[in-house]
Amino acid sequence: MKVAVLSESSADKAAVRVFIEALLGRPTEKPGMPPFRARGWPSVRESIPQTLMHLHYQTDAEALVVVVDSDRSPLHDPKSQQRSACNQECRLCLLSRIAENTHAQLRRRPDRSPPRIAIGVAVPQIEAWYLVGRDPSVSEASWLNAVREGRTPYDSRQLKQRVYATDRPSIDLETARAVEESRRIVENDLLDRLISLFPVGFGTLAQTVKNW
Ligand SMILES: [Zn+2]
């Protein structure tokens, strides 16, 4: 399956692809991507329309997977039936809306359907996912409970320290560790645990991908 991945760094993209291939149960191919480099949440958000249009008109990509960090934004509320009922700052809803609006503008091609889209939000950042099976204190629930009490259970620096043994990894170290940890999770059958510990930000993504 030809799947494009859009995420905050090339390291994140490499790990996300490992997870996607495990969810699909088959390898993926990379379609050609437009010549920009997304760095961080705002650039991912801004590049979704351009990426989708490029994939639809210029490639034979079948799907686009977008993963961003939640940072300190509010987590998606799965109980809100209408997207307008969710928090205005919810990144899952914001990105879904951008993707749907772009989809609606794509001219139909006779030979294929527009790329499917799956969106994931790592709470509070993707390093939390890499700690599944290694650090049981890291989960969406522990993050949410702490935030409700006005605490921060772990910050960006601490999560990076736990994954990379430094809070300022080089991109090469970041990529090597991201791939190592995502493969560890997949090879040790911990994908279901990743879904249960991060049911909103990863579980929603996993559900969508499994239906492809
Ligand atoms: Zn939402």
Side-chain angles (χ1 to χ4, degrees), residues 3-9 12-13 15-17 19-20 23-24 38-53 55-56 63-106 114-132 138-156 159 182 191-212:
V3 182
V5 177
L6 183 59
S7 197
E8 299 192 20
S9 78
D12 299 6
K13 284 200 250 183
V16 168
R17 189 169 292 278
F19 292 136
I20 297 304
L23 290 165
L24 287 170
R39 291 296 293 175
W41 144 252
S43 77
V44 171
R45 181 188 56 201
E46 282 154 25
S47 56
I48 288 177
Q50 182 196 357
T51 304
L52 258 180
M53 282 191 259
L55 292 174
H56 180 59
L64 171 65
V65 176
V66 182
V67 173
V68 294
D69 294 344
S70 74
D71 301 318
R72 299 199 174 227
S73 65
L75 187 57
H76 177 68
D77 175 8
K79 291 195 290 293
S80 58
Q81 298 294 320
Q82 299 259 315
R83 203 168 288 143
S84 54
C86 198
N87 192 293
Q88 293 277 311
E89 302 292 314
C90 163
R91 292 186 179 179
L92 194 61
C93 286
L94 279 169
L95 297 185
S96 304
R97 206 175 290 129
I98 293 170
E100 280 167 20
N101 289 344
T102 310
H103 248 176
Q105 291 167 27
L106 296 175
R116 298 161 170 187
I117 302 177
I119 297 170
V121 178
V123 178
Q125 63 195 56
I126 201 160
E127 284 79 9
W129 291 356
Y130 305 158
L131 289 167
V132 166
V138 176
S139 68
E140 276 178 7
S142 52
W143 177 261
L144 279 181
N145 290 339
V147 167
R148 270 191 212 110
E149 293 165 7
R151 294 185 293 115
T152 309
Y154 29 79
D155 60 19
S156 168
L159 288 176
S182 51
L191 215 47
D192 284 341
R193 198 183 303 175
L194 178 56
I195 292 170
S196 66
L197 290 174
F198 295 87
V200 178
F202 187 79
T204 309
L205 170 81
Q207 193 60 51
T208 308
V209 172
K210 283 179 177 178
N211 286 333
W212 286 350

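Values reported hereafter were calculated over all heavy atoms of this structure, with side chains retained and with hydrogens, waters and symmetry mates removed. As the structure lists them, so they are numbered: ligands from 1, and atoms in each ligand from 1.
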Participant: Test R72 against T152 for side-chain contact (heavy atoms from CB on, under 4.5 Å), laying out the working first.
Facilitator: CA-CA 10 Å; R72 299 199 174 227; T152 309; 3.3 Å; yes
Participant: Any donor-acceptor pair under 3.5 Å linking the side chain of S7 with the backbone of V67?
Facilitator: yes
Participant: The Zn ion (ligand 1): which protein N, O or S atoms are under 2.8 Å away?
Facilitator: H76 ND1, C86 SG, C90 SG, C93 SG
Participant: Within the 3.5 Å criterion, strictly below it, is a donor on N145 or S142 matched to an acceptor on the partner's side chain?
Facilitator: no
Participant: Given 3.5 Å as the limit, does a donor-acceptor pair link the side chain of E140 with the main chain of V123, or not?
Facilitator: no
Participant: Any chance you could lay out the side-chain contact (heavy atoms from CB on, under 4.5 Å) test for L52 and I98, step after step, and finish with the verdict?
Facilitator: CA-CA 10 Å; L52 258 180; I98 293 170; over 6 Å; no
Participant: Please identify each residue that fulfils ring pair (Phe, Tyr, Trp, His ring centres under 6.0 Å) with F19, with sequence neighbours left out.
Facilitator: F202
